[in-house]
Amino acid sequence: KQEVTQIPAALSVPEGENLVLNCSFTDSAIYNLQWFRQDPGKGLTSLLLIQSSQREQTSGRLNASLDKSSGRSTLYIAASQPGDSATYLCAVKYSGAGSYQLTFGKGTKLSVIP
Amino acid sequence: NAGVTQTPKFRVLKTGQSMTLLCAQDMNHEYMYWYRQDPGMGLRLIHYSVGEGTTAKGEVPDGYNVSRLKKQNFLLGLESAAPSQTSVYFCASSFPTEYHHFGNGTRLTVT
């Protein structure tokens, strides 16, 4: 079964710190990988999408990298702010006929302390 | 441009009752999905659709039915609700290779 793992499950950092969230996946035959943010009681907000042919994507203070050969992606957040506090989810779209769904990790809950 | 809209936002059902969750998107996306999110389990796909008039089973389809009569709408039905279906339900839509866009969810409690 294809799985997506996110470590750590929770992370607490002081404001201003740079941080890295990790995502690993079991099968390198992926189509794309997406990072989402989820605030309590809310839906998911798309942050970055990396196609399988790409190595990284950047948006503002966020940078996501993809290494298919090692089955890993990282989300780098620069100069963290209290407003970054949320749960961050990694999701993989695997390749193959009939593969339409995203396989989600269980998320990393980030707390940025003022 | 509302994106993905889910109704209702909250619902409490008694075991055996039925209900329909509505998802509407205004982005002309071909693909639509229903996920459920449970503590410790992450998001799991229930059913999905790759176009008007088509539906297919996902990872956890038992106890649910879906219909996509119009491109912009995707309905999720529970014919006989069970406590195990207590969850937060999310609808999403996308073009085939692009971002999933999610609604804000429906919190369902079955007593």
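Naming: A, B, ... by sequence-line order, numbering from 1 per chain.
- In this structure, chain A has no heavy atom under 4.5 Å from any part of B:Arg44.
- Cluster membership check: A:Val13 shares its hydrophobic cluster with A:Leu47, using side-chain heavy-atom separations under 4.5 Å among Ile, Leu, Val, Met, Phe, Trp and Tyr.
- Listed by chain and residue number, A:Ile50, A:Gln51, A:Gln57 satisfy the side-chain contact (heavy atoms from CB on, under 4.5 Å) test with A:Gln54 (two or more places apart in sequence, or in another chain).
- The closest donor-acceptor contact from the side chain of A:Ser46 to the backbone of B:His100 lies under 3.5 Å.
- Legend: residues meeting side-chain contact (heavy atoms from CB on, under 4.5 Å) with B:Ala56, ordered by chain and number and at least two apart, are B:Tyr48.
- With sequence neighbours left out, the side chain to side chain donor-acceptor pair (under 3.5 Å) criterion links B:Lys70 to no other residue.
- Residue contact with chain B, scored on non-hydrogen atoms closer than 4.5 Å, is absent for A:Leu33.
- The neighbour count for A:Lys109 NZ, taken as heavy atoms of other residues, nucleotides or ligands under 6.0 Å away, does not exceed 12.
- The shortest distance between side-chain heavy atoms of A:Leu102 and B:Tyr35 falls below 4.5 Å.
- Neither the backbone nor the side chain of B:Gln6 comes within less than 4.5 Å of any heavy atom in chain A.
- Cluster annotation: B:Leu43 and B:Val60 are assigned to distinct hydrophobic clusters (Ile/Leu/Val/Met/Phe/Trp/Tyr, side-chain heavy-atom contacts under 4.5 Å, transitive).
- Nearest heavy-atom pair across B:Tyr99 and A:Gln34 is CA-OE1, 3.7 Å.
- Under the 4.5 Å side-chain heavy-atom criterion for Ile, Leu, Val, Met, Phe, Trp and Tyr, B:Leu22 and B:Trp34 are members of distinct hydrophobic clusters.
- B:Val88 and B:Leu76 fall into different hydrophobic clusters, where Ile, Leu, Val, Met, Phe, Trp and Tyr residues are linked whenever their side-chain heavy atoms come under 4.5 Å apart, directly or through other members.
- When the heavy atoms of residues 62-92 of chain A are compared with those of chain B, the residues falling under 4.5 Å are A:Leu89, listed by number.
- The main-chain N or O of B:Gly40 is found under 3.5 Å from a side-chain atom of A:Lys106 such that the two form a donor-acceptor pair.
- Interface remark: B:Val50 contributes side-chain atoms only to the contact with chain A (heavy atom separation under 4.5 Å).
- For B:Leu45, the part lying under 4.5 angstrom from a heavy atom of chain A is the side chain only.
- A single hydrophobic cluster is not seen to contain both B:Phe74 and B:Tyr31; linkage of ILVMFWY side chains at heavy-atom distances under 4.5 Å, directly or through other members, places them apart.
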